[in-house]
Amino acid sequence: MSEIILQVSDLTMNFGGIKALDTLDFEVCSGEIVALIGPNGAGKTTFFNCVTGIYTPSSGDVYLHKPGGEGRTRLNGMKPNHVAEKGMARTFQNIRLFPKMTVLENVMIGRHCRSKSFILGAIFRDKKTRAEERSIVDYSYALLEKVGLASQVNELAANLSYGAQRRLEIARALATEPFLLLLDEPAAGMNPQETAKLVKLIRRICDEGHAVLLIEHDMKLVMTLSDRIVVMDYGRKIAEGTPAEVRTNPEVIKAYLGEDD
Amino acid sequence: MDYFIELLFSGLTRGSIYALIALGYTMVYGIIGLINFAHGEIYMIGAFTSFVVATVLSIYGFPLLAIIVLAGVCAAIWSSAYGYTIEKMAYKPLRHAPRLSPLISAIGMSIFLQNYVLLAQTSDFLPFPELIPDFAFMEPYAHIVGSSDLMILVTTAVVMVALTILIKFTRIGKAMRATAQDRTMAMLVGINVDRIISATFIIGSSLAAIGGLLIASHIGQINFYIGFLAGIKAFTAAVLGGIGSIPGAVIGSLILGLTESFATGYISSDYEDVFAFSLLVLILIFKPSGILGKAETKKV
Amino acid sequence: MFPLKEFKKSLLVALWFVALTFPLMVIQVDPIERIVNWRWNNMFFVAIGSFVLSVVGKAFFARKEQQLSKKRTAQNEEVQDTIFQRVLREPRYLWPISLACLAFAIAFPFLFSTYQTNVMTTALMYVVLGLGLNIVVGLAGLLDLGYVAFYAVGAYSYALLNHHFDLGFWTVLPVGGILAAFFGIILGFPVLRLRGDYLAIVTLGFGEIIRLVLENWNEFSMGPSGIANIDRPGLFGLDLSLNMSILYLYYLMIFFLIITIFVVNRLQDSRLGRAWVALREDEIACQAMGIDKTKTKLVAFSLGAFWAGIIGVVFAAKTTFVNPASFTFLESAIILSIVVLGGMGSIVGVICGAFILILLPEYLRALSEFRMLAFGGILVLMMVFRPEGLISNVRRVYQFKKNDRGEK
C-alpha cells in the first residue's frame, strides 16, 4: 500500500571542506511519520535545506514521487518554489513568518502556487479571479480552524504567541497542498500543553494523507509520534528503525552521550 | 612611452585617492554591514574644511608647512567628528531595523550634508590654495609626474602602512576584526561594540578627509557635489576588491584608477563616469563578492 | 517636567554641534579677494537650533519608548490605531471623503489661477510617480534608486518620436510606458537576484548611466542642450491655447491618478500583491511557499517602470522640453522621500507625502531654498522615528460568519 515518496541517495553537502552531509541514504513512504533526530550540528536542518532547494547538494540524488502519480522528479538544484509546487512543503526552525501580514494572509501566501490569477486578473477582477480569491480565503480559513487559530485571522502574525506562530507555519505549509510535510523542530519553545496539542495536530495531518518528516529534540514527542526514526550524527545516518529499536541502539546512545574514554 | 607612464602615474594617483575613501566604505561595511552612502560627503566635508582652514591661514600669513599640517589635522578632526555624529544620529538607532532602513537613512544623510554645505558655503567651484610646492628634484620628470602626484602616492602609502599596523597589532584593531567577524560574540567576550563601531567611523572618516585634502590640492578646486561621484567610485572600488576586505579595497581602487586613466587617455574622456558606473553594475551582477571577498552563505 | 540632567545633556549636544559646524557655518572665505567673513550669528542659530531639536528629539524618543512598553504589556488587546487608519478602514467615512476630494480636484482650476493649476499638475505627477515607486519599494521591498531612469526613458521616447516622426502624445503614451517597462525587465533580469542593498546601488548606477549617455550621445539625444518644442497633448486634433492645454493636462493627470489609485489598490489586494509583500518580509520563506521570486520581483519592477514611463511622456508634453538635467539622482531621491514620508505601501500616505513635499516648498518660497536639505533630513528622521511613514499601511480585514473560537 505505502510507496516511497521521497528517496534520498548518497546525498552529500560540502561547505568549504566541511561535510555537513555525508553520503546520506533514506526514504520516506506515504502515510508515515518519520523523525529525523541527532545531536546539534548533525546536519538535520542542512538536510532539509538540501531537499527543499535552498541549498544545492554537492552530490547525490533527491527524488520526489507523488503517491499514485506517474514518474518521479529529481529535485537536485531545483528552486525552492518548484519543490513546493511538486508537493513538498516545510516549516522553519527559527520561525519565518511574514510578520507584518495578517495570520490569514500568511496562509493565503501558501495558496499562491495553487492559484493562477495575475496582473490583469488583479486589475479587472473578473469572475474567475473573484472565485479563485474566494476559494483561497475559504481554504486558508479552514486550515486555520484546523490548527486552532480561527479566532485570530486578522491579527498580525508578529503579534501571535510563540506556539501559535509555530502552528501558523504548519498551516501555511499545508496550504500548498503538500503530500510530504517537513517540520523543523515544530515543538521548540512550546510548553507541555501546547506540545500535546501539537502531537494531536500532527497525527491528524498524517491521518488526512500527508506524510510527515520532522526534526525534533523533544524525545517524548518523537517516540510517541513517529513510525520510524532516522538518527544522524556528523552528517551521516547512524541508525534507523522503529522508536523501540532506536532507543536501544548502542550507536545512538554513543552519539548522544558521547564515548567513554 | 612618456604618455603611457604619465597615464600610469595619473591612474595610480587616482587609485590612491579612491583607496583612501574606499577604505572607509569597506571598514564600515565589514563591521555593521551597511553601505555608508554618506561617506562620500565626509570626504567632501574634509576637502571643504581643509579649504577653509588653509585659506584663512594663508590670509593671515602662516608659513606653508604650518598650513599643510594644520589643514590636514583640522580636516581629519572635523571629518571624524561628522562621521561619529552621523553614526550616532542616523545609523545607531537603526541597528536592529530591516536592512534597507539604514541605507535609506544613509542616502538621506548624504543629501542632507550636500545641501548643508551648499547652504553654509556656496554652490560655486572654489579655487583651492596651492599647498604642495613643486619640488626642485622633480624638475626633470615634471612633464610626466607632478609633485602633487608624488605627494599623494607617498602619503597614501604611509597611511596604508599605518592603518595596517593599527588593525594588525593594536588592541583596537584586534577588537575591530573580532567585531567584524561576529558582533554578538565580540560583545560576549567584553568588547564594547558601540565604541568599536564609533572608532571605525572615525578612522574611516579621517582617511577620507586626508583623501579630500590631497585631491582638492591636486585638482585645485572644490565644490559641494564632489562627494557624490567620488563616493560612488570609491564604493565601486571597494566592491571590486571585495567589500569588507581592506587589502581588497586598495587593490580595487588601484585597478579602477588605472583603468579609468587608460580608458580616458586612449579611448575617450566623454564617457569617463559611464565607465565607472558600468563597471560597478557589471561587478555587482557577475561577481558581487569581488576579488578578495568571501561569498556569503545564507543561513536558514 | 524636564529634568535638569536632560537639560544639561541637550546643552552639551548644542555645544557639540556648534563646534562641529564651526568651520563651515561660521567661517566663509573669499579666496580671490582674500577676505575672511566671520558669521558669528550662524553660530548662535546652530546653538539654539540644535538645543531645541535635541530637547524635542529626546521627548519624542521617550514617548516612543513609552508606547512600546505599553504595547508590550497590552499583548492581546486591540492595538490602538491612529485616526487616519480608523477612517481608512471604515468605508462609511472613506467614500464621502474620497468624493469630496474628487469634487475639489475637479473644481480646482476654477477656484485658483492657471499658475496654481500648473503647480498642482506637477504635484499630481509626483503623486503618480510616488505610487509607481510605491509598488516597487513599498510593496515589493525593492529599493530602486534609479527610478528616474525609467521616467527619462518615457520622456525621451516622446521627445524623440515627436521630434523625428511627429508622433502624437496619445500614440506615444503607451509606447513610452512599454519601453520603460521593457528597460525595467532588461535591467531587472540580471539584478533582481542581488541582495537589497546591492540592488539599490546597481539601480543607482543604472540611472546615472542613462543620464550620462543622454548627456554625451549627441547624435541620439542632442546632448545637454536637450530637445525643445515638443508638442503638447492633442485633443481630437483641436488646437488648444496655452491656458486650455494646462487645464487639459491637469484633468489628464487627475484621470491618470484615479486610474493609478484604482490599479494599485486592486493589485495590493490580489494574489500578486500579497506575494510582493511576503517577498518584502521574508524571501526564503516566500520561495519555500512556492512563490517564484524572480518573476514576482520582475513584475513589480517593470510595473513600476511602466508608470514612470507614462509620467515621463506626460512630463515631456507638459514642459515641451527635455534635457538630461531633469533626470538626476536627486529626482529619484525626491520620489523616494515621498514614498518614505507618506508610508511605504500605503496609497493615501504616498498621496499625502507627495503633496507635502512638492507643494510646501512651492507655497513657502522662503523654504524652497531648504528643499533638498529637508528631503535628506526627512529620509533620516522618518527612518529613525517613524519607519512606517505618516500613514502606515493597513492590512485588509476579512470577516467570517462562522466564528467558532475553536481550539480543539
Side-chain angles (χ1 to χ4, degrees), chain B residues 34-35 45 48-49 51-53 55-56 58-60 74 78 81-82 85 89-90 93-94 97-105 107-122 126-129 228 232 235-236 239 270-271 273-274 277-278 280-281 284-285 288 296 298 300, chain C residues 16-17 19-25 27-32 34-36 42 61 137 141 143 145 187 190-191 194-202 204-206 208-209 212-213 216 280 284 329-330 333 336-337 340 369-385 387:
Chain B
L34 162 74
I35 299 172
I45 284 175
F48 253 95
T49 310
F51 158 78
V52 168
V53 173
T55 315
V56 169
S58 80
I59 289 172
Y60 290 137
C74 286
W78 259 280
Y82 274 96
T85 314
M89 282 172 57
L94 297 174
R99 193 166 193 147
L100 287 183
S101 305
L103 182 60
I104 294 177
S105 182
I107 292 163
M109 210 19 126
S110 159
I111 297 169
F112 182 86
L113 288 175
Q114 261 178 36
N115 288 279
Y116 154 70
V117 173
L118 163 73
L119 293 170
Q121 294 281 314
T122 170
L126 293 166
F128 198 88
F228 178 70
I232 296 273
F235 177 76
T236 309
V239 175
D270 283 352
Y271 287 96
D273 298 335
V274 176
F277 283 119
S278 312
L280 173 68
V281 172
L284 282 178
I285 292 174
E296 279 183 37
K298 45 189 171 182
V300 180
Chain C
W16 172 259
F17 274 96
L20 190 67
T21 54
F22 181 79
L24 296 182
M25 287 295 283
I27 309 174
Q28 188 171 41
V29 289
D30 188 331
I32 296 162
R34 299 184 70 77
I35 306 166
V36 185
N42 277 352
F61 250 124
V137 180
L143 186 51
L145 295 179
L187 173 70
V191 307
L194 291 176
R195 256 189 7 226
D197 44 0
Y198 278 6
L199 175 76
I201 301 291
V202 169
L204 166 70
F206 174 74
E208 288 295 289
I209 290 173
L212 288 166
V213 166
N216 288 303
R280 178 187 80 190
I284 288 176
F329 166 64
L330 285 181
L336 180 67
S337 316
V340 169
E369 211 183 324
F370 299 98
R371 208 169 93 115
M372 286 315 295
L373 192 77
F375 286 170
I378 281 170
L379 286 178
V380 178
L381 291 178
M382 291 311 284
M383 281 300 121
V384 173
F385 291 108

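Below, read A as the first sequence line, B as the second, and so on, with proteins coming before strands; counting in each chain starts at 1.
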Quiz item: Does the side chain to side chain contact (heavy atoms under 4.5 Å, CB included) test come out yes or no for C/F206 and B/L280, once each step is laid out?
Solution: CA-CA 9 Å; C/F206 174 74; B/L280 173 68; over 6 Å; no
Quiz item: So which of B/V281, B/L284, B/T55 has the largest heavy-atom pair count under 4.5 angstrom toward chain C?
Solution: B/L284
Practice problem: Between chain C and each of B/L113, B/L34, B/T49, B/L100, count heavy-atom pairs under 4.5 Å; write down the option with the most. | Solution: B/L100
Practice problem: Report the C-alpha distance between B/I104 and C/L143 in whole Å, list the side-chain angles of each, state the deciding distance to 0.1 Å, and finish with yes or no for side chain to side chain contact (heavy atoms under 4.5 Å, CB included). | Solution: CA-CA 9 Å; B/I104 294 177; C/L143 186 51; 3.9 Å; yes
Quiz prompt | Atom pair CG/CD1 of B/L126 and C/I32 - distance to nearest 0.5 Å | solution = 8.5 Å
Practice problem: Heavy-atom distances under 4.5 Å only: say whether C/P387 touches chain B with side chain, backbone, both or neither. | Solution: neither
Practice problem: Please determine which of C/L204, C/L212, C/V202 meets the side chain to side chain contact (heavy atoms under 4.5 Å, CB included) test together with B/F277. | Solution: C/L212
Practice problem: Check the pair C/V29, B/F51 against side chain to side chain contact (heavy atoms under 4.5 Å, CB included), reporting the backbone distance first and the verdict last. | Solution: CA-CA 9 Å; C/V29 289; B/F51 158 78; 3.6 Å; yes
Quiz item: Is the closest side-chain heavy-atom distance between B/S58 and C/R34 below 4.5 Å?
Solution: yes
Exercise. Between chain B and each of C/V137, C/N216, C/V36, C/V213, count heavy-atom pairs under 4.5 Å; write down the option with the most.
Key: C/N216
Quiz prompt | chain C contact via B/V274 - side chain, backbone, both or neither, heavy atoms under 4.5 Å | solution = both
Exercise. Against chain B, work out which of C/A200, C/A333, C/A19 has the most heavy-atom pairs shorter than 4.5 Å and name it.
Key: C/A19
Quiz prompt | Heavy-atom proximity to chain B below 4.5 Å, by part of C/S337 | solution = neither
Quiz item: With only heavy atoms counted, which part of C/L145 is less than 4.5 Å from chain B, the side chain, the backbone, both or neither?
Solution: side chain
Quiz item: Where does C/I201 contact chain B at under 4.5 Å (heavy atoms): side chain, backbone, both or neither?
Solution: both
Exercise. Tell me, for B/I35 versus chain C, whether the close heavy atoms (under 4.5 Å) come from the side chain, the backbone, both or neither.
Key: side chain
Quiz item: Do the side chain of C/Q28 and the main chain of B/V52 share a donor and acceptor less than 3.5 angstrom apart?
Solution: no
Exercise. Select one option (side chain, backbone, both, neither) describing which atoms of C/A374 are under 4.5 Å from chain B's heavy atoms.
Key: neither
Self-check item: Nearest heavy atoms of C/P23 and B/Q121, plus distance in Å
Solution: O-NE2, 3.9 Å
Quiz prompt | Leading residue by heavy atom contact count with chain C [cutoff under 4.5 Å; candidates B/T236, B/I232, B/T85, B/V117] | solution = B/T85
Quiz prompt | Beyond-backbone contact of B/W78 with C/L24, side-chain heavy atoms, under 4.5 angstrom | solution = no
Quiz item: Which region of B/F128, side chain (C-beta onward) or backbone (N, CA, C, O), has a non-hydrogen atom less than 4.5 Å from a non-hydrogen atom of chain C, or is it both or neither?
Solution: neither
Exercise. Measure the spacing between CD1 of B/I285 and CG of C/L187 and express it to the nearest 0.5 Å.
Key: 7.0 Å
Quiz item: Atom CG in C/L381, atom CE in B/M89: separation rounded to 0.5 Å?
Solution: 7.5 Å
Practice problem: Decide yes or no for C/E208 and B/D273: does some side-chain heavy atom of the first lie under 4.5 Å from some side-chain heavy atom of the second? | Solution: no
Exercise. Measure the CG-CG distance between C/L379 and B/L103 for me, rounded to the nearest 0.5 Å.
Key: 10.5 Å
Exercise. Measure B/P127 against the heavy atoms of chain C and call it side chain, backbone, both or neither at under 4.5 Å.
Key: both
Quiz item: What's the shortest heavy-atom distance between C/V380 and B/S105, and which atoms?
Solution: CG2-O, 3.3 Å
Practice problem: Please round to the nearest 0.5 Å and tell me the distance separating atom CZ of C/F329 and atom CD1 of B/I107. | Solution: 5.5 Å
Practice problem: Could you look at B/A81 and say if it's the side chain, the backbone, both or neither that has a heavy atom under 4.5 Å from chain C? | Solution: both
Quiz item: Atom CD1 of B/I111 and atom CD1 of C/I378: how far apart are they, to the nearest 0.5 Å?
Solution: 10.5 Å
Practice problem: With a 4.5 angstrom heavy-atom cut-off, could you sort out which part of C/I27 is near chain B: side chain, backbone, both or neither? | Solution: both
Quiz item: Which bit of B/L94 is near chain C, if near means a heavy-atom gap under 4.5 Å: side chain, backbone, both or neither?
Solution: side chain
